[in-house]
Visitor: 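Have a look at this one.
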Amino acid sequence: MGVEISEAFRLPEGSLVKIRGWVASKSEIGGLIFITLRDGTGYIQAAGKRGVVEEESFQRLKEVAKETSVEVEGTIRIDRRAPKGREVAIKSLKIIASADKWPITKSAVKSTSFLYDYRHLSIRGRKASSVIKIRWGVIKAAIEFFSQRGYCLISPPTIVQSACEGGATLFELDYFGQKAYLSQSAQFYEEAAICALGKVFVIQPAFRAEKSKTPKHLTEFWMIEAEKAFMDQEENMRLQEDLITYICKRVVEDHKEELAVLGREFKPPDTSFPRVTYDEVLKFASERNLSFKWGEDIPTAVEALLSKTQSKPFFITDYPLSARSFYHMTKPDNENITLSADLIAPEGHGEIATGGQRIHDYQTLLKRIESQEMPKENFRWYLELRRYGMPPHSGFGVGVERLTKWIAGLRHIRAASLFPRTPTRVNP
RNA sequence: GCCGCCGUAGCUCAGCGUGGUAGAGCAGCUGGCUGUUAACCAGUUGGUCGUCGGUUCAAGUCCGACCGGCGGCGCCA
């Protein structure tokens, strides 16, 4: 019976095993051939000695190329010379599917563009696959978190006509002759759903047609979003703290090995993240000759510098309305400042979440849409929600790949995506 | 959208300043090696020098345009 490699590490010495996997590496020393097998659960060395291996199998072993898929039968042997002190002593080897010359070489790993041109193959690498597993850990933990708190997962459409963010960054498509767009956020649909379900969350892709060539932008990325009725901005920030803290803790518990492969020493933050107001950031910037105008978005350099002074995530609160989308509620005592916050990761990783309290009053929202000269007809249903008992409510969105980038300590967000979509890359 | 850098073998790069018949390492292939961990040793295959145009007796090298990628900014999440 076949065993997985992770299981083979738990079996006693001498166990007869059959392992199916791919040849991750090979080295030949005369009548002794080593192959490293990989099956998605782990790596194990298999050693074939002439005379011990059946002769036909030994010939196949000599010919086998990197990334061939094989079935190896042999016995577990404890041997300190083997990686992790254990290997399979090969008795026989079957070739399941042969492989051409493998293009991902030692020098190829130096070339970002080559690795992403060959992403369909380079994801087999130890580091690439570890990141994908960590990303799964992030999503899995988020599902656990919301599930424990009684949130309902909803799956809104990603083909939409109303834009949550600015219209300039929408991917337009022809929907049987009508204009439609790829969704930038599920937020509007969550707002509709909370009046049916109370508290909801979403895990699905979002699309932004921004030609942003930075280490933290993808044109297609996944968001974890949540929205809750009767929740104010204060409770909203606490919810984000709890979520991020939970995810970090769970990923560290479940993915020690993957983090080690990446050389990442990650300490999960304890709860209660610092809060900095927009005005304090402005002051921080002007003290360092990086000043910007009140009302503008915070420049990358300022955010990065601030982020490097922190050891855990922190909120930037009280953003000016001019730097925010139309639906944000403003403070009761200042209509120029929104009840919203960005959550910034430390070590210069930058923004990982944004949240805020939404306008729940019909007239206020109508005035806001009109004052920003937005196409009212596209927001008809969104506005209409405010005529049928819409309570105060808040929510937020976390970028899955940005969170993964921080936890895994990645230099670029594209490494957190299986097949990243960036302004210069839509294939493979 | 703006600024900068780069396109030469499957990969990483040298060659370009001062124009004159294309180089190295890695990978592959062949042979050797019974404990490799980025193995080692010997041999060897492999080229539309991104594309188009210009200058010149002659262009990988000089000039122009374009295309592609990377890094950063802006915009944004």
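Numbers restart at 1 for each chain; the letters A, B, ... are given by sequence-line order, proteins then strands. As the structure is a computational prediction, the values presented were derived from the model and not from experiment.
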Visitor: Who does B/C2 pair with, Watson-Crick or G-U, both distances under 3.5 Å?
Guide: B/G72
Visitor: Mind calculating the distance between CD (A/E28) and C1' (B/G31) to the nearest angstrom?
Guide: 11 Å
Visitor: Where along nucleotides 3-13 of chain B does protein come under 4.0 Å, by heavy atom, of base (B) or sugar-phosphate alone (S), with - for untouched nucleotides?
Guide: -------BBS-
Visitor: Rounding to the closest angstrom, what is the interatomic distance between B/G25 and B/C62 at atom P?
Guide: 26 Å
Visitor: Strictly by Watson-Crick or wobble contacts shorter than 3.5 Å, is anything paired with B/G64, and which nucleotide is it?
Guide: B/C52
Visitor: May I ask you to check whether A/Y118 and A/W102 place their ring centers less than 6.0 Å from one another?
Guide: no
Visitor: Which nucleotide, if any, forms a Watson-Crick or G-U wobble pair with B/C40, using both distances under 3.5 Å?
Guide: B/G32
Visitor: Please state the P separation for the pair B/U8 and B/G50 - nearest whole angstrom.
Guide: 6 Å
Visitor: Rounded to the nearest angstrom, tell me the gap between atom CG in A/L290 and atom P in B/C73.
Guide: 12 Å
Visitor: Give me the distance, rounded to whole Å, that separates B/C3 from B/A9 when you measure between the C1' atoms they each carry.
Guide: 33 Å
Visitor: Answer yes or no: is there a side-chain heavy-atom contact under 4.5 Å between A/Q184 and A/T169?
Guide: yes
Visitor: Does a side-chain N or O of A/R425 approach OP1 or OP2 of B/C70 to a distance below 4.0 Å, or not?
Guide: yes
Visitor: Would you say A/R208's side chain and A/L218's backbone share a donor-acceptor pair under 3.5 angstrom?
Guide: no
Visitor: Identify all pairs in which a protein N or O lies below 3.5 Å from an N or O of nucleotides 46-50 of chain B, and state each distance.
Guide:
none

Visitor: Measure from NZ on A/K293 to C1' on B/G74 and round the result to the nearest Å.
Guide: 15 Å
Visitor: For nucleotides B/C66 and B/C2, find the distance between their P atoms and express it as a whole number of Å.
Guide: 12 Å
Visitor: Please report the distance, rounded to the nearest Å, between NZ in A/K84 and P in B/U36.
Guide: 20 Å
Visitor: Would you kindly check if the NZ (Lys) or CZ (Arg) of A/R425 is within the cone defined by 45 degrees around the ring axis of A/Y116 and under 6.0 Å from the six-membered ring centre?
Guide: no
Visitor: Return the pairing partner of B/A9 with a 3.5 Å limit on both distances, Watson-Crick or G-U wobble; otherwise return none.
Guide: none
Visitor: Nearest-Å distance, CZ (A/R119) to C1' (B/G69)?
Guide: 17 Å
Visitor: When you measure from the centre of the six-membered ring of A/F326, is the NZ or CZ of A/R368 under 6.0 Å away and within 45° of the axis?
Guide: no
Visitor: Is there a donor and acceptor pair closer than 3.5 Å between the side chain of A/E87 and the base of B/G35?
Guide: yes
Visitor: Watson-Crick or G-U wobble partner for B/G46, using a 3.5 Å limit on both distances?
Guide: none
Visitor: Across the strands shown, which category fits A/D117 at heavy-atom distances under 4.0 angstrom: base, sugar-phosphate, nothing?
Guide: nothing
Visitor: With rounding to whole Å, what would you report as the distance between B/G53 and B/C16 at their P atoms?
Guide: 27 Å
Visitor: Is atom NZ of A/K283 surrounded by more than 12 heavy atoms (other residues, nucleotides or ligands) closer than 6.0 Å?
Guide: no
Visitor: Does A/E401 pair with A/R414 as a salt bridge, N-O distance under 4.0 Å?
Guide: no
Visitor: Under 4.0 Å between a Lys/Arg side-chain N and an Asp/Glu carboxylate O for A/E73 and A/R20?
Guide: no
Visitor: Which value, in whole Å, describes the distance between the C1' atoms of nucleotides B/G10 and B/G46?
Guide: 9 Å
Visitor: Counting the benzene-type ring for Trp, do A/Y278 and A/Y319 have ring centres under 6.0 Å apart?
Guide: yes
Visitor: Determine whether any donor atom in the side chain of A/S212 lies under 3.5 Å from an acceptor atom in the base of B/G74, or the reverse, and answer yes or no.
Guide: yes
Visitor: With rounding to the closest Å, how many angstrom separate the P atoms on B/G47 and B/C6?
Guide: 27 Å
Visitor: Taking only side-chain N and O atoms of A/T214, does any of them lie within less than 4.0 angstrom of OP1 or OP2 on B/G72?
Guide: no
Visitor: Could you check whether A/L343 gets within reach of a base, just the sugar-phosphate, or nothing at all, counting any heavy atom under 4.0 Å?
Guide: nothing
